[in-house]
Amino acid sequence: MAKIGMKTPLVEIDGDEMTRVLWEVIKEKLLLPFIDLKTEYYDLGLANRDNTNDEITVQSAEAIKKYGVGVKCATITANSARQKEYNLKHLHPSPNATIRAILDGTVFRKPISVDRIKPSVNTWKAPIVIGRHAYGDVYKAAEMEIDGPGKVELVYTKADGTEQRVTVADFKGSGIVQGMHNLDESIKSFARACFLYAIAEKIPLWFATKDTISKTYDGRFKTIFNEIYETEFKEKCANAGIEYFYTLIDDAVARVVKSEGGFLWACKNYDGDVQSDMIASAAGSLAMMTSVLVSPTGVFEYEAAHGTVQQHYYRWQKGEKTSTNPAALIFAWSGALAKRGELDGTPDLSGFAKRLEDAVLSTINDGIMTGDLFKLSDPPPQKILNSWEFIDAIAARL
């Protein structure tokens, strides 16, 4: 059988632990037999990031800018325990945060819907998409430990040398402090991306912050979103028959669990991180959530929305075949291949990506699935497979 050709490489970003193991199996069984796969490869495994002083992460983001489409495996963001475990020289920032900051995009996360898998929130009838701002907040924060009494101030020194000062806290003893920031232009890009996505998908757009408490910081998000809506998208939303809705984040959470779904929920960076996991878990599994970073310059990075599946990796190291669900990893590849085919004008490649997704969905719908889904399957599954068996079942359908 002749393999499907590619004109332009994808940027392939390898990762860590169990997802790294399955990444190779997916390529071997589901991609390489069918596609003349062209990638520019970057190893963002924890050891290589440490050895390159995290330069490899920056290089991978610049490559995505160059080629237009990237596909990324899950990676570890190390803490002190991971530093000891992997004997790291440094604790670098989240590679996802670094890439997102360089690309200045918005992350859209959407559950992978399968008829047989019922959401644990029984009112949901359509997927809820999370639009996550991909710059700043706690992911670019400066932090400090306070070892005793003293005053902490927030100081802004203007280009002309004048200063503004705000007291953060008068410490009577030890504690901690954190400083966050964001950029008006990044918030504007975030708002525009969300409106464009909602209009394209013809779904309502919700946006939520906590501007009643964070009157300046969160209030700026609310103001910019409203300005972008009023000046650029109000008429377009009306023509598309969709609503823009703002509320407080706590009110949004209460509304979401009583809703029928079928809308885009725009969230600040940390809110989107947390709420996308909630949506994914309630919709079925963290492994059933797609994620794509969309840059305002028109570049795309596809990845799984979950982590590296640490405990399964430890079991795999002992020789166990784990039942880790690879669906989101497969959909990261299919999303990137479909976009590559769209941008290059190669419909055979986009068609293959669609058939790959259909093969995953039909396998699960036929009651053949990994262990994370069996309690949610209605009717009950026919077979619970380990990851390798599940990928083989998908390959057989391809």
Side-chain angles (χ1 to χ4, degrees), residues 9-24 27 38-107 132-147 176-183 185-186 269-270 272-273 291-293 295 297 299-310 313-314 317 329 332 336:
L10 293 173
V11 178
E12 179 189 352
I13 302 175
D14 213 343
D16 290 300
E17 298 189 323
M18 200 65 220
T19 49
R20 186 184 182 100
V21 174
L22 295 178
W23 194 257
E24 287 303 311
K27 286 169 62 179
K38 293 181 180 179
T39 69
E40 183 165 308
Y41 178 85
Y42 292 85
D43 182 2
L44 263 63
L46 196 53
N48 198 43
R49 277 182 274 144
D50 196 50
N51 290 337
T52 63
N53 199 30
D54 210 33
E55 280 301 310
I56 191 69
T57 305
V58 175
Q59 291 167 11
S60 70
E62 293 298 334
I64 295 174
K65 281 186 176 181
K66 176 182 177 182
Y67 291 105
V69 185
V71 58
K72 181 181 174 296
C73 186
T75 46
I76 296 169
T77 300
N79 55 19
S80 56
R82 292 296 213 164
Q83 185 174 25
K84 182 177 180 181
E85 178 184 358
Y86 281 86
N87 193 28
L88 304 175
K89 299 186 291 291
H90 308 285
L91 282 176
H92 293 292
S94 158
N96 288 340
T98 298
I99 293 169
R100 290 166 187 161
I102 292 170
L103 299 183
D104 185 30
T106 296
V107 178
R132 175 185 171 188
H133 188 211
Y135 179 81
D137 298 350
V138 297
Y139 303 89
K140 296 284 284 184
E143 300 179 318
M144 184 186 299
E145 292 184 4
I146 306 301
D147 60 8
I176 48 177
V177 67
Q178 180 184 77
M180 301 193 311
H181 80 281
N182 226 293
L183 305 173
E185 287 306 311
S186 182
N269 207 344
Y270 180 75
D273 191 358
S291 181
V292 56
L293 177 70
S295 165
T297 59
V299 301
F300 303 82
E301 183 221 33
Y302 294 80
E303 62 181 334
H306 58 73
T308 59
V309 203
Q310 179 182 0
Y313 179 65
Y314 294 156
Q317 285 181 313
L329 292 170

Original post:
Does the side-chain contact (heavy atoms from CB on, under 4.5 Å) test come out yes or no for Glu301 and Val11, once each step is laid out?
Top reply: CA-CA 9 Å; Glu301 183 221 33; Val11 178; over 6 Å; no
Original post:
Can you tell me if OH on Tyr270 sees more than 12 non-hydrogen neighbours from other groups inside 6.0 Å?
Top reply: no
**OP:** Let me see the working for Ile13 and Ile99 under side-chain contact (heavy atoms from CB on, under 4.5 Å), right down to the final yes or no.
**Re:** CA-CA 11 Å; Ile13 302 175; Ile99 293 169; 4.3 Å; yes
Subject >> Which residues share a side chain to side chain contact (heavy atoms under 4.5 Å, CB included) with Ala47, sequence neighbours left out >> reply: none
**OP:** Could you tell me which residues satisfy side chain to side chain contact (heavy atoms under 4.5 Å, CB included) with Tyr314, sequence neighbours excluded, listed by chain and number?
**Re:** Glu17, Arg82, Glu85, Gln310, Gln311, Gln317
Original post:
Any chance CG of Asp147 has more than 12 other-residue heavy atoms, nucleotides or ligands included, within less than 6.0 Å?
Top reply: no
Original post:
What are the two closest heavy atoms between Val69 and Ala336, and how far apart are they?
Top reply: CG1-O, 3.6 Å
Original post:
To the nearest 0.5 Å, what is the distance between CD1 (Ile56) and CG (Leu44)?
Top reply: 6.5 Å
Original post:
Under the ring pair (Phe, Tyr, Trp, His ring centres under 6.0 Å) criterion, do His181 and Tyr135 qualify, and how do the steps go?
Top reply: CA-CA 9 Å; His181 80 281; Tyr135 179 81; 5.4 Å; yes
**OP:** Could you list the residues that satisfy salt bridge (charged side-chain N to carboxylate O under 4.0 Å, His left out) with Lys27, not counting sequence neighbours?
**Re:** Glu12, Glu24
Original post:
Is any side-chain heavy atom of Arg49 less than 4.5 Å from a side-chain heavy atom of Leu88?
Top reply: no
**OP:** Please identify each residue that fulfils salt bridge (charged side-chain N to carboxylate O under 4.0 Å, His left out) with Asp43, with sequence neighbours left out.
**Re:** Arg20
**OP:** Would you please test Asn182 and Asp137 for side-chain contact (heavy atoms from CB on, under 4.5 Å) and show each step?
**Re:** CA-CA 6 Å; Asn182 226 293; Asp137 298 350; 3.0 Å; yes
**OP:** Can you see which heavy atom on Ala61 is nearest to which on Leu103, and at what distance?
**Re:** O-CD2, 3.7 Å
Subject >> Any residue meeting side-chain hydrogen bond (donor to acceptor under 3.5 Å, both in side chains) with Ser94, in chain and number order, not counting sequence neighbours >> reply: none
**OP:** Mind checking ring pair (Phe, Tyr, Trp, His ring centres under 6.0 Å) for Phe300 and listing every partner two or more places apart, or none if nothing turns up?
**Re:** none
**OP:** Could you list all the side-chain hydrogen bond (donor to acceptor under 3.5 Å, both in side chains) pairs where at least one residue sits in residues 55-64, not counting sequence neighbours?
**Re:** Asp54-Thr57
Original post:
Does the side chain of Arg100 reach to within under 4.5 Å of the side chain of Leu293, using non-hydrogen atoms?
Top reply: yes
Original post:
With sequence neighbours excluded, what pairs up with Tyr302 under the ring pair (Phe, Tyr, Trp, His ring centres under 6.0 Å) test?
Top reply: none
**OP:** Applying side chain to side chain contact (heavy atoms under 4.5 Å, CB included), name anything that partners Asp273, two or more places apart in sequence or on another chain.
**Re:** Arg109, Arg132, Tyr139
Original post:
Pairs in or reaching into residues 68-99: which pass ring pair (Phe, Tyr, Trp, His ring centres under 6.0 Å), with residues at least two apart or in two chains?
Top reply: His90-His92
Original post:
Do the side-chain N and O atoms of Tyr41 and Asp14 include a donor-acceptor pair separated by under 3.5 angstrom?
Top reply: yes
**OP:** With the side chain counted from C-beta on, respond yes when Tyr42 and Ile64 share a heavy-atom pair under 4.5 Å apart, and no when they do not.
**Re:** no
Original post:
If we only count heavy atoms from C-beta on, is the Ser295 to Asp104 side-chain gap below 4.5 Å?
Top reply: no
Subject >> Glu143: side chain to side chain contact (heavy atoms under 4.5 Å, CB included) partners, not counting sequence neighbours >> reply: Gln178
Original post:
Looking only at heavy atoms, what is the nearest atom pair of Leu46 and Ala78, with distance?
Top reply: CD1-CB, 4.2 Å
Original post:
Do Lys72 and Asn96 have side-chain heavy atoms sitting under 4.5 Å apart?
Top reply: yes
Original post:
Quick check: does any side chain N or O of Asp16 sit under 3.5 Å from a backbone N or O of Ile76, one acting as donor and the other as acceptor?
Top reply: yes
**OP:** Work out which heavy atom in Ala304 is nearest to a heavy atom in Leu329; give both atom names and the distance.
**Re:** CB-CD2, 3.9 Å
**OP:** Please report the closest heavy-atom contact between Gly105 and Ala134, naming both atoms and the distance.
**Re:** O-CB, 2.9 Å
Original post:
Lys89: what forms a salt bridge (charged side-chain N to carboxylate O under 4.0 Å, His left out) with it, not counting sequence neighbours?
Top reply: Asp50
